[in-house]
Amino acid sequence: MKNVENDEKMEKTENLSEEDSLKEEIRRFTGCVADPSLRAHGMAYTSLSKMCERVGEIPAAFVKGLVKMSVSNSIRLYGQPKSFQHVAHLLEILSKRDYESTLKSLLSTIQSSLPLISNLTESKSLAQIPTTKWLISLLKSAENPKNLAENELEIVGALGTCAYWMAGSDKAWRIFIRKFSRIQTILEPIFSSKIAEFAKNQPEKALALISAIGDVKNAEKSEKSQKIAEIFTEIATKSLLMPKLRPPQFLVDRSSKFVKFIREKPDFTENLLPNIKKALLRSPEVSIFGVKGILENLEFPLDTCAPEVLKSTVSALTNADAEIREAAIGVAVALTRKSGIPVIQKILMTLFDQFGAAKVPEVRISLMEGIGRVAGVIEVQEKDKLADEVLAKTAKADKESHDGIIEAQWNAAVEWAVRLTKPTTGLTNAFKEASKLQPAVKYIAYRALADIVERRGMFALPDGIDVKPLLAELETGPKGELTSIGLALLILRTTKKGSIEHTKAWSRASHADALYKV
């Protein structure tokens with residue numbers, strides 16, 4: 001009976017007109033396109049693709065419906081490479097038959113199927129790489145410029161949507177930028193004329209698209225980029241500095257990099273800087289993240305504005321919320337990057353003052369870590385005086401007993417010490433202070449000093465530091481202590497192999513029980 005029914009269906013299909021046959025095929029496709037089985041929807045795609053190649057004409061309404069069904073289901077349900085290949089093949093066939101309808105439907109489907117989400121994960125970003133590839137491939141294949149001109153706003157919207165979704169993953173972003181770079185030149189006039197209009201309703205997506213434009217390898221500071229930089233300044237104010245809710249961190253990280261294209265005057269000093277000040281006064285707990293991202297990527301000195309911006313963030317430096325506190329410290333660190341020595345000294349003094357006043361260990365540790373980070377970002381040449389000032393306040397024996405705070409202090413000392421152009425009094429004093437620490441925390445200082453010796457490539461102790469007291473402490477200290485490992489390592493790196501000191505230090509270190517404990 002089943003064979004008879006199948007024969008009847010085949011005969012019925014053969015007797016249908018071309019348009020009716022296509023309708024029947026679409027009906028079957030509609031029933032299978034959302035099927036989770038790769039085999040089921042794969043067969044439906046294959047059959048439909050063959051039918052679309054064979055028929056003489058495909059009505060525009062059919063094309064739009066097929067694009068919407070296939071792409072929206074792919075976005076929501078598909079996860080197998082083979083499924084994406086089926087969609088890509090169908091889109092290719094449909095675009096050859098009716099490019100305009102295919103493009104219109106794809107543009108609208110992408111925007112409606114991929115909304116803004118703040119918790120965008122890497123897996124979600126990676127899942128939409130095929131969608132992005134289809135869009136860019138279709139735009140690249142446009143033979144008639146008129147097709148692009150008629151859909152300018154929709155093109156900006158779809159690319160902005162894809163850029164936003166790709167921003168959640170470094171891998172997805174790299175792939176997107178590589179593909180996007182192939183069409184950026186063609187679409188530059190569209191971007192210049194339509195991004196501002198698109199940003200009125202979708203500022204976050206517009207910001208992501210501008211970030212992509214800036215990340216393309218051949219992007220330069222041209223007249224066109226300056227026009228987009230002006231648009232960026234307006235959008236950044238709305239989305240990064242003065243939003244109602246905290247902006248997604250992935251968007252802050254991506255979009256902040258475009259700051260390199262803005263000019264000191266008028267873009268920053270006349271437009272962005274006043275908004276930064278307003279935002280920090282109005283809602284610092286929301287704006288601080290955007291401020292940090294912007295300041296970290298500016299390419300001109302900040303000496304004139306640094307004191308005022310720092311003053312607006314002081315209260316957030318000791319905030320109980322770790323993320324807000326870290327962002328505020330990040331702002332202070334960023335302000336030192338291209339500033340002169342007087343400004344750097346003022347910022348360091350502020351961080352030390354807050355460190356001294358803070359009571360909570362976690363807050364004090366964060367502040368000290370920020371002091372250490374300053375050493376790695378400042379661009380001034382004469383760092384030795386600054387480094388000695390920091391070493392005097394960090395590499396010292398004081399009444400502090402909290403292991404984490406002491407470790408943060410000595411780690412900060414390491415960061416500044418390794419950037420000295422030559423051994424200084426501050427470095428020598430650090431070696432002297434280490435031996436004065438309480439026995440329970442001496443291992444922290446000795447480990448830090450060993451790190452300094454290694455990173456500076458030192459083969460001897462600083463002038464004024466004798467190895468004998470260090471060796472005596474190593475020999476008389478209890479076996480198995482953590483202190484003996486760091487101290488032995490310090491001696492091993494600053495004495496000649498085969499010497500008495502080196503041999504004794506090696507013997508002690510190799511028998512330290514703590515060395516073999518996991």
Side-chain angles (χ1 to χ4, degrees), residues 249 252-253 256 276 280 284-285 287-298 301-303 305-380 383 385-396 398 400 402-420 426 430 444 448 451-452 455:
Q249 192 58 44
V252 174
D253 293 340
S256 297
I276 287 175
L280 288 173
E285 70 283 352
S287 63
I288 195 76
F289 303 97
V291 173
K292 173 178 174 286
I294 290 170
L295 296 178
E296 284 178 337
N297 291 280
L298 289 172
L302 298 172
D303 298 74
C305 69
E308 195 170 352
V309 174
L310 179 66
K311 185 178 179 181
S312 300
T313 60
V314 167
S315 61
L317 291 173
T318 54
N319 196 289
D321 186 298
E323 290 188 339
I324 295 174
R325 182 174 68 247
E326 289 297 334
I329 293 171
V331 168
V333 174
L335 287 170
T336 66
R337 185 167 61 93
K338 287 187 173 291
S339 295
I341 290 178
V343 171
I344 297 171
Q345 286 177 318
K346 182 176 178 59
I347 292 172
L348 286 171
M349 188 185 303
T350 300
L351 291 173
F352 274 116
D353 288 346
Q354 294 298 312
F355 172 80
K359 303 299 180 184
V360 181
E362 289 76 11
V363 173
R364 303 190 75 198
I365 290 170
S366 294
L367 288 163
M368 191 52 64
E369 287 174 347
I371 291 168
R373 291 205 303 275
V374 171
V377 301
I378 58 175
E379 297 179 3
V380 293
K383 300 180 183 179
K385 184 181 177 182
L386 284 171
D388 267 4
E389 291 174 358
V390 174
L391 286 171
K393 295 179 179 180
T394 54
K396 63 176 184 177
D398 53 23
E400 182 60 56
H402 191 284
D403 287 19
I405 296 173
I406 295 173
E407 186 170 5
Q409 286 184 230
W410 281 87
N411 286 343
V414 170
E415 295 304 316
W416 282 93
V418 297
R419 289 170 173 83
L420 287 166
I444 296 173
D451 194 12
I452 291 172
R455 290 173 63 180

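Note: hydrogens, waters and symmetry copies are ignored here, and every other heavy atom, side chains too, is used. Nothing fancy with the numbering, it's 1 onward along the sequence.
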### Message
Quick one, Phe289 and Ile324 - any side-chain contact, counting heavy atoms below 4.5 Å?
### Response
yes
### Task
Could you tell me which non-hydrogen atom of Trp410 sits nearest to which non-hydrogen atom of Ala430, and how far apart they are?
CH2-O, 3.5 Å
### Query
Between Thr350 and Leu317, is any pair of side-chain heavy atoms under 4.5 Å apart?
yes
### Query
Which atoms form the tightest heavy-atom contact between Ile452 and Ala417, and what is the distance?
CD1-CB, 3.6 Å
### Query
Do the non-hydrogen side-chain atoms of Val309 and Leu295 ever get within less than 4.5 Å of each other?
yes
### Task
Mind checking the NZ-CE spacing from Lys393 to Met349? Nearest 0.5 Å is all I need.
6.0 Å
Donor-acceptor list for residues 328-345 side chains, cut-off 3.5 Å, not counting sequence neighbours:
unit_1 : atom_1 : unit_2 : atom_2 : d
Thr336 : OG1    : Val333 : O      : 2.6
Arg337 : NE     : Glu296 : O      : 3.4
Arg337 : NH1    : Leu298 : O      : 3.4
Arg337 : NH2    : Glu296 : O      : 3.2
Arg337 : NH2    : Leu298 : O      : 2.2
Lys338 : NZ     : Glu379 : OE1    : 3.1
Ser339 : OG     : Leu335 : O      : 2.5
Gln345 : NE2    : Glu389 : OE2    : 3.3

#### Entry: Separation between CG of Leu280 and CD of Glu308, rounded to the nearest 0.5 Å
10.0 Å
### Side chains of Arg455 and Glu415 in contact at under 4.5 Å (non-hydrogen atoms)
yes
### Query
Looking at Gly370 and Leu351, what are the two nearest heavy atoms and their distance?
C-CD1, 4.5 Å
### Query
When rounded to the nearest 0.5 angstrom, what distance separates CD in Glu369 from CD in Glu326?
6.5 Å
### Task
May I ask you to test the Ile405-Met368 pair for a side-chain heavy-atom distance under 4.5 Å?
no
### Query
Roughly how far apart are Asp403 CG and Ile444 CD1, rounded to 0.5 Å?
5.0 Å
### For Arg325, side chain to side chain donor-acceptor pair (under 3.5 Å) partners two or more places apart
Ser366
### Task
Grab the two heavy atoms, one from Asn297 and one from Ser256, that are nearest each other, plus how far apart they are.
CB-O, 3.4 Å
### Query
Can you find a pair of side-chain heavy atoms, one from Val390 and one from Val374, that are under 4.5 Å apart?
no
### Task
For residues Pro307 and Lys346, report the shortest heavy-atom separation together with the two atoms involved.
CB-CE, 4.3 Å
### Residue pair Val252 / Gly290: nearest heavy atoms and the distance that separates them
CG1-CA, 4.2 Å
### Message
Going by salt bridge (charged side-chain N to carboxylate O under 4.0 Å, His left out), name the residues that satisfy it together with Glu285, two or more places apart in sequence or in a different chain.
### Response
none
### Task
Just jot down the side-chain contact (heavy atoms from CB on, under 4.5 Å) partners of Lys396, sequence neighbours excluded, or say none.
Asp398, Glu433
### Task
For the pair Phe355 and Thr394, evaluate side-chain contact (heavy atoms from CB on, under 4.5 Å) and give the outcome as yes or no after the intermediate values.
CA-CA 11 Å; Phe355 172 80; Thr394 54; over 6 Å; no
### Query
Which distance, rounded to the nearest 0.5 Å, do you find between the CD1 of Ile288 and the CG of Asn319?
9.5 Å
### Listed partners of Asn411 passing side-chain contact (heavy atoms from CB on, under 4.5 Å), at least two apart
Glu407
### Query
Any salt bridge (Lys or Arg N to Asp or Glu O under 4.0 Å) pairs touching residues 348-361, not counting sequence neighbours?
none
### Query
Would the number of heavy atoms belonging to other residues, nucleotides or ligands and lying under 6.0 Å from NZ of Lys383 be above 12?
yes
